[in-house]
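Read the structure below first, then the notes.
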Protein chains: 2
Amino acid sequence: MTARNKKLTVADVARAAKVSKATAARVLGGYGVTSERTREAVLQAAQDLGYRPNELARSVSTGRSGLIGVVVGDIENAFFARAVRGISDTARAAGLNVIISNSGEDLAQERALVSVLLRQQVQGLIVAPTDDGDVAHLAEAMASGTPVVTIDRWVEGLGADGICGDDRAATAALVAQMQALGHRRIAYVTAIRTPQPRLQSLAQVRIAAVRERIAGFLSAAPAGQDWHERVHTNATGAAAIDAIVARLLSETPGVTAILASDSLVGAEVFRALSARGIALPAQMSLVAWFDADWSRVTVPAVTVVDQPTHRFGALAAERIIARIGGETGPARHQRIETPLIRRGSLGPAPGD
Amino acid sequence: MTARNKKLTVADVARAAKVSKATAARVLGGYGVTSERTREAVLQAAQDLGYRPNELARSVSTGRSGLIGVVVGDIENAFFARAVRGISDTARAAGLNVIISNSGEDLAQERALVSVLLRQQVQGLIVAPTDDGDVAHLAEAMASGTPVVTIDRWVEGLGADGICGDDRAATAALVAQMQALGHRRIAYVTAIRTPQPRLQSLAQVRIAAVRERIAGFLSAAPAGQDWHERVHTNATGAAAIDAIVARLLSETPGVTAILASDSLVGAEVFRALSARGIALPAQMSLVAWFDADWSRVTVPAVTVVDQPTHRFGALAAERIIARIGGETGPARHQRIETPLIRRGSLGPAPGD
DNA sequence: TTGTATGCGTTATCAG
DNA sequence: CTGATAACGCATACAA
């Protein structure tokens, strides 16, 4: 308990307890065997001095750091924040510590972060890869013996376990439901960056979760209709989204419903619609991914595709823990159901 | 570049480059001096083998981990998420890595996390202490040579640098402004947990930021009026907040404005008001702390006390970096201005 | 400029 | 059950 300024080592405790370094290390490290008497003496000494084990030295010695690394696109996004929470909760329960970092959805940054984490000797990596066409850094991590789990985003061929939503099926079902409500022209709005403002081809989408959603969206298109032109990209920031909404509203025949690919896009679309005096759902329906706080606060509340994100994180942590524990076998792809939460923003198409 | 399965060490690189371990270590570690020729040979060998330095071993050797630890109340709260982002951004720029953890606003958990972080040899700690009456663990960290910076929450007497808002002054000014708008009965709603549903005394509030806000709130009370009864506590979760709003609405004479102590409380209060058909600001005004996403999405948009949270984080990181760099001197208390962003939810009191 | 030898704080092996 | 002593991977004082 005594405050001190120099770091104490097992040697110091050993000296105080009048035992050898090895014995002190045994009781402090909780391994090997010692008599009850010496055990107590050592613990007492450690207590008195205020000894605190050096985990780094322990890691170097054992080769196990007890660390797992996490790379997300944006910790400020509630989706990732909650996922991180899920990861942390189950990792900590398993005695693992977590290092979190932010790629900002930038590939170069992601590479750099993975490298840093590997140098920190993380025993496993949970990543939301920003570009599933360029995952050499992840493959290399796996090749060098550090297991990788992707979260929210499955990467075909990488061989890493992945936790993600049932994006394609859920979207197809959602669009079918919307068509039953009379919606014939639906727009999809996403933050994915492309050269043109509309999607040219699915291959432009390097994030599987979004690609699958769009695939589900396109699969619902009636024969002969090209829905690609209904997929609006580059929806990053208020100005861009406002412009997209403006474009949408001036189309003829009019779009009657909007799908927002994440909760940030959803919020801005809602705002742009409100600002223009568009009534939801009378004039326009809106559905967004992720049940963010704001979705239930607006009037009307917003229909969302609920992603059980905390569970995404928990499952990802479970997977990485299993792999760290030596589990072998082919990559496991876990698809989590993402049920629709129906709220006021989704209604019948106008005039239907 | 070659994939391998065993971890490589300087020794391996040295062997491949046909130099001594020390020489290899020098060029790989970027210290000491070497000839250009051997330098290139070593780098080439490292490249070929796919060598990756072990930062933990380096840390043990140098005594510097390059890590700073962060303990926040809730990473899912946008306030903390953004603060963490600010911390990470400037820490990384200074070559430091960040370990983030969640106390869940639980003191025991906070203590445990601080302990874990210290064992991980973090060189500094940035903490949002959940109880400023019990900071022995932080004092101990400082005493043992690990500097501490508190964020959002100043702790008197701890001796740690602190970054926080100008809570008291900003609140007093805000309340004055509201009084000028005719509001005579204002309620303050906070998630702070107390035995009773109303605040009995300021000392019950163990988080300085909130205490200061309430102090500012109370200081605006006209002589003879006890505003304590207007401070509603335990506002955690939708049900509790709904009950508080219900109580508020049934008071006579009626409350005409509500202050929500954080953005989660604010969102739920807004929702509870909407659900009851209360018109903002015609029947009730609302002001919340933190400019969360949802604040600009509602109709009307919500007036907020803007906390430049990314800057909170950046400044906290700067402080901890300075202290790690050896800066001495008394604890620095930096108060950041938190300007009001006036939006539709704040209007004149009804009938004024 | 390079190599040798030792230390960092821990674990872990091996006698005693 | 305990105590020397050698790792772990890297840094560093000192010698060559």
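Keep in mind the model is a prediction, meaning the values are calculated, not measured. Here is the naming used below: chain letters follow the sequence lines, and residue numbers restart at 1 for every chain.
In this view, A/S115 and A/R119 satisfy the side-chain hydrogen bond (donor to acceptor under 3.5 Å, both in side chains) rule, not counting sequence neighbours. For B/R311, there are no salt bridge (Lys or Arg N to Asp or Glu O under 4.0 Å) partners at least two apart in sequence or on another chain. Judged as a side chain to side chain contact (heavy atoms under 4.5 Å, CB included), and not counting sequence neighbours, the contacts of B/D161 are B/V149, B/R319, B/R323, B/A331, B/R332. Checked against side-chain hydrogen bond (donor to acceptor under 3.5 Å, both in side chains), A/Q334 has no partners two or more places apart in sequence or in another chain.
Within the structure, the salt bridge (Lys or Arg N to Asp or Glu O under 4.0 Å) test picks out the following pairs touching residues 13-22 of chain A (sequence neighbours left out): A/D12-A/R15. Here salt bridge (Lys or Arg N to Asp or Glu O under 4.0 Å) pairs that include residues 124-139 of chain A, with residues two or more places apart or in two chains, are A/R111-A/D134, A/D131-A/R206, A/D132-A/R211. For the salt bridge (Lys or Arg N to Asp or Glu O under 4.0 Å) condition, the pairs that include at least one residue of residues 63-75 of chain B, sequence neighbours left out, are A/R85-B/D74. The ring-ring contact (aromatic ring centres under 6.0 Å, His included) pairs that include a residue from residues 114-153 of chain B number zero, where partners must be two or more places apart or lie in different chains. Under the side-chain hydrogen bond (donor to acceptor under 3.5 Å, both in side chains) criterion, the residue pairs touching residues 26-35 of chain A are A/S35-A/T38, with sequence neighbours excluded.
Residue B/T38 is in sugar-phosphate contact alone, with no base atom involved, counting any heavy-atom pair closer than 4.0 Å across all strands shown.
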Subject >> Summary of protein contacts for nucleotides 9-16 of chain D, nucleotide by nucleotide, where a base hit scores B, a sugar-phosphate-only hit scores S (4.0 Å, heavy atoms) >> reply: BBBB----
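Summary for the helix from C/dT1-D/dA16 to C/dG16-D/dC1: the axes at its two ends, each from 5 pairs, differ by 40° when rounded to the nearest 10 degrees.
A 4.0 Å heavy-atom criterion places the boundary nucleotides of DNA chain C facing chain A at C/dG9 to C/dT13, written 5' to 3'.
For the pair A/I321 and A/A94, the tightest heavy-atom approach, listed with the atom from each and the gap, is CD1-CB, 3.6 Å.
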